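Each remark here refers to the structure printed beneath this line.
All values reported here derive from a predicted model rather than from experimental measurement.
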Amino acid sequence: MRTQVAIVGAGPSGLLLGQILHNHGIDNVVLERQTADHVLSRIRAGVLEQGSVDVLDAAGVGARMRDEALVHDGTQICVRGVRHRVDFRALTGKTVTVYGQTEITRDLMAARAAAGMKTVYEAQDVRLHDFDRAKPLVRYRKDGREAEIECDFIAGCDGFHGVSRKSAPPGAVRTYERVYPFGWLGVMSDTPPVSEELIYTRHENGFALCSMRSRTRSRYYLQVSLAESLEEWPDERFWHELKLRLDAKAQADLVTGPSIEKSIAPLRSFVAEPMRFGRLFLAGDAAHIVPPTGAKGLNLAVSDVFYLSSGLVEFYRDKSSSGLNRYSDRALARVWKAERFSWWMTIMLHPFPDASGFDEKVLLAELDYVFNSHAASTALAENYVGLPY
Ligand code: RFL
Ligand code: PHB
């Protein structure tokens with residue numbers, strides 16, 4: 001098989017890149033290790049920056065999002081039982097959009113199928129070759145048979161555990177990492193959200209987040225120790241602990257019900273540099289991970305894809321490599337700012353097991369400053385709604 005761009009991974013990065021390239025007449029094939037149903041069963045992000053909404057709209061996959069998404073003008077942060085509101089619209093003139101990653105993925109899969117673009121699900125043992133030369137090759141196994149794609153470029157959109165980053169020549173990649181000593185236990189339930197806006201809560205027992213997918217579906221998270229397993233968290237215990245960490249009004253308003261999904265995710269900050277190796281480009285979680293506290297992971301995937309697709313379109317349309325040459329630097333400049341914000345939100349809102357009394361006091365002072373200083377709350381709001389591309 002021959003294509004212009006071989007895309008590894010059918011998460012939001014890979015599918016969105018495929019969609020934008022197709023819109024510009026650039027042929028592409030997506031290779032995905034899992035089934036489509038498996039990809040859709042993973043519950044992940046929920047909050048989109050306006051920039052992400054605009055890119056999805058421009059790619060022609062925004063119709064259902066515009067109909068169904070919830071637009072939020074602000075968010076709430078609760079510390080020691082007192083809730084504070086950060087008014088995004090007043091502070092920045094911008095809003096965020098609540099629309100699940102699962103729904104974005106579903107919309108992208110539907111658009112891809114409708115346009116007849118090729119996707120190979122259950123592609124096993126994907127191997128990347130010759131991306132230091134003019135004609136890279138991607139080999140894989142499907143239904144027990146070996147297959148091969150010849151292409152001009154490879155886009156590594158295969159997430160943190162994918163094969164693309166690991167295929168870069170040893171010594172060519174520099175990585176930066178911070179692992180946090182806790183995880184997030186997430187529960188999805190078909191219950192009305194406890195509040196119109198998200199509530200980020202810092203409690204001495206740990207962080208909690210009240211989020212949502214719609215007016216009838218809630219998504220809640222609790223900070224838990226990494227030693228804990230799902231079996232230790234039956235629904236009853238989850239709701240009890242969540243309620244304990246919320247303020248009095250949220251405790252009174254919380255509607256509980258059976259969980260429809262429950263999972264534990266570790267928290268990590270990670271960046272691999274550069275994001276280009278010859279004709280192999282990394283995008284999204286394949287190149288970087290942020291802890292979810294800033295709601296930035298999916299939004300970074302979208303900005304990477306925006307830069308990468310612009311570079312590829314410029315290459316085919318104008319026969320210019322300048323966008324591709326600038327890709328890694330442009331993407332990383334935005335990535336590091338989101339890494340900083342996500343790290344800051346995480347250290348501010350999670351009690352750390354090894355924190356000293358001094359650490360705790362300084363962080364509480366920082367939160368107090370954020371709530372009471374126009375400059376500091378504007379800085380939080382500006383980062384949360386998304387820095388410019
Ligand atoms: P994905 O979604 O991991 O997709 C990668 C795809 O590649 C496939 N793959 C392979 N395919 C072929 N061959 C191989 N060898 C392969 N190895 C892997 C995988 O099966 C998969 O289908 O990466 P992508 O596309 O870069 O998208 C990134 C986002 O998924 C991620 O950043 C966000 O979900 C992060 N995130 C959030 N981001 C936000 O912007 N806002 C949020 O509110 C938000 N909340 C979250 C989150 C992530 C979370 N978890 C579970 C890590 C909340 C949570 C709990
Ligand atoms: C979510 O709804 O899954 C969500 C929202 C905000 C975050 C992280 C996750 O910061």
Side-chain angles (χ1 to χ4, degrees), residues 1-36 38-39 59 105 108-109 111-113 115-143 145-169 172-173 272 274-287 301-302 304-317 319 321 323-325 327-328 331:
M1 200 182 342
R2 150 107 207 125
T3 190
Q4 288 173 295
V5 182
I7 300 172
V8 189
S13 313
L15 292 171
L16 178 60
L17 178 65
Q19 178 70 25
I20 298 175
L21 295 181
H22 172 80
N23 292 344
H24 287 85
I26 302 169
D27 188 56
N28 61 85
V29 175
V30 170
L31 295 177
E32 165 61 49
R33 183 167 59 183
Q34 307 286 355
T35 62
H38 183 276
V39 172
T105 309
L108 285 163
M109 282 178 174
R112 192 163 179 90
M117 289 181 260
K118 185 155 174 71
T119 315
V120 181
Y121 286 101
E122 299 181 273
Q124 302 305 314
D125 193 21
V126 170
R127 283 146 286 151
L128 315 183
H129 299 281
D130 296 345
F131 47 83
D132 53 344
R133 313 209 181 120
K135 291 285 165 213
L137 272 181
V138 180
R139 297 206 170 97
Y140 62 99
R141 220 173 38 251
K142 169 77 183 167
D143 301 329
R145 260 187 240 125
E146 276 293 313
E148 186 174 284
I149 303 179
E150 196 188 291
C151 55
D152 301 332
F153 297 101
I154 302 171
C157 301
D158 48 354
F160 183 66
H161 299 288
V163 67
S164 298
R165 189 180 68 252
K166 293 173 196 146
S167 303
V173 195
M275 288 170 61
R276 175 200 187 162
F277 308 91
R279 287 177 170 255
L280 166 64
F281 295 85
L282 303 181
D285 280 14
V302 174
D304 286 356
V305 165
F306 173 80
Y307 296 133
L308 179 55
S309 60
S310 313
L312 288 166
V313 168
E314 201 179 311
F315 177 87
Y316 286 109
R317 189 191 52 206
K319 310 217 166 354
S321 298
L324 290 178
N325 291 341
Y327 168 66
S328 181

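- The minimum heavy-atom distance linking C151 with P136 is given by the pair O-CD, 2.9 Å.
- R276 places a side-chain N or O within 3.5 Å of a backbone atom of G278 that can act as its donor or acceptor partner.
- By the 4.5 Å heavy-atom criterion applied to side chains, H22 and N28 are counted as neighbours.
- Looking only at side-chain heavy atoms (C-beta outward), R2 and K135 come within less than 4.5 Å of each other.
- Between F281 and L324 there is a side-chain heavy-atom pair separated by less than 4.5 Å.
- Considering only heavy atoms from C-beta on, E122 comes within 4.5 Å of Q124 through its side chain.
- In this structure, the side chain of D285 does not engage the main chain of F160 through any donor-acceptor pair within 3.5 Å.
- Contact between A286 and D158 at its shortest, heavy atoms only, is CB-OD1, 3.7 Å.
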Audit row: V126, L128, side-chain contact (heavy atoms from CB on, under 4.5 Å) steps and yes/no: CA-CA 7 Å; V126 170; L128 315 183; 3.9 Å; yes
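- Atom CD1 of I154 is separated from atom CG of L280 by 5.5 Å, given to the nearest 0.5 angstrom.
- The two atoms that bring F277 and A172 nearest to each other are CE2-O, 3.7 Å, heavy atoms only.
- Residues A283 and L308 share a closest heavy-atom pair of CB-CD2, 4.5 Å.
- Side-chain contact check for L31 versus I149: some heavy-atom pair is nearer than 4.5 Å.
- Looking at heavy atoms from C-beta onward, F153 lies out of side-chain contact with I26 at the 4.5 angstrom threshold.
- Using modelled atom types, one side-chain atom of Y327 and one backbone atom of L282 make a donor-acceptor pair closer than 3.5 Å.
- Side chain of T119 to backbone of V30: no donor-acceptor contact under 3.5 angstrom is found.
- With hydrogens and angles ignored, the 3.5 Å screen pairs a side-chain donor or acceptor of R279 with a backbone N or O of D152.
- Closest approach of I7 and G14 over heavy atoms only: CG2-CA, 3.5 Å.
- The minimum heavy-atom distance linking A36 with M109 is given by the pair O-CE, 3.8 Å.
- When side chains are defined from C-beta on, L21 does not count as touching Q4, because their heavy atoms never get closer than 4.5 Å.
- Using a 4.5 Å cut-off on side-chain heavy atoms (C-beta onward), S13 and D304 make no contact.
- Exactly one of M117, R112, E32 qualifies for a side-chain contact (heavy atoms from CB on, under 4.5 Å) with L15. That residue is R112.
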